[in-house]
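To start, the structure under review is shown below, and the notes come after it.
We count ligands from 1, going down the list as the structure has it; atoms in each ligand are counted the same way.
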Amino acid sequence: MRIDIITVLPELLKSPFEASILKRAIEANLVEVHFHNLRDYTTDNYKSVDDYQFGGGAGMVMMIEPIDKCISGLQAQRNYDEIIYMTPDGERLNQSIANQISLKENIIILCGHYKGVDQRVRDTFITREISIGDYVLSGGELGAAVLCDAVIRLIPGVLGNETSALTDSFQDNLLAPPIYTRPRDYKGMKVPEVLFSGNFGEIEKWREEQAYQRTKERRPDLLND
Ligand SMILES: C[S@@+](CC[C@H](N)C(=O)[O-])C[C@H]1O[C@@H](n2cnc3c(N)ncnc32)[C@H](O)[C@@H]1O
């Protein structure tokens, strides 16, 4: 998979890709991540990417021209399956969306700033708009990092244990069951006996029941989906 991220603040975005699972995925060539500084696609001495809003009103708007140059330049080199704009009014990111995007080969992620991008960018280039939640961030970079992490860990080979992502919360619309490790008894707090039974059928059944109970208590909405 190849991910091209368009941003005015590449320095804000790089560190999540320089540690742990994302770093290893890049080193293993399971994913390529490229950062494009939008200011490199400007034409004036000030490297302006934004301008005043037509009709008046507070806040600057990101101009179409540098974004057009950047996206068109990338499209001239390869086909993109999805051009995503991070925006609070997009569809709210969930596991199903992350699953879908993890199957794509080439994607572009556009990070907004200021009041956001000129509507014509969205109308012309963007194929999908994603929000990471019902709150407003200063820029799309942290959202893009969240999206990339959720997607990259699903690419086969990225997690050491192939089944691990499938047993996480939200796959199958259930939250994950409780988990335990050593010691078996810590200050009288004991690990459920069934986990030592050696009966994998029983253990699986217990985990499913626990996952169902936890989902019912904490996120009953998932059971209705
Ligand atoms: C200050 S916000 C603009 C908010 C926009 N004027 C609005 O009210 O919907 C600047 C940029 O941050 C990013 N952003 C802010 N909140 C976000 C969210 N919840 N999910 C994804 N991106 C977000 C978007 O790229 C957005 O263009």
- Would you give the length of the straight line joining atom CG of Leu175 to atom OG of Ser169, rounded to the nearest 0.5 angstrom? 5.0 Å
- Item | Nearest-0.5 Å distance, CG of residue Asn106 to NE2 of residue His34 | 9.5 Å
- Query: Taking everything shown except Tyr46 itself, do over 12 heavy atoms lie less than 6.0 Å from its OH?
  - Reply: no
- Task: List the steps, then state whether side chain to side chain contact (heavy atoms under 4.5 Å, CB included) holds for Lys14 with Glu141.
- Result: CA-CA 9 Å; Lys14 283 186 177 160; Glu141 285 73 17; over 6 Å; no
- Query: Distance under 6.0 Å and angle within 45° of the ring axis: does Arg122 meet both against Tyr85?
  - Reply: no
- Rounding to 0.5 Å, atoms CG (Leu93) and CE (Met86) come to a distance of 7.0 Å
- Name the residues with a heavy atom less than 4.0 Å from ligand 1? Tyr85, Met86, Thr87, Pro88, Gly112, His113, Tyr114, Lys115, Gly116, Ile130, Ser131, Ile132, Gly133, Tyr135, Val136, Leu137, Ser138, Gly139, Gly140
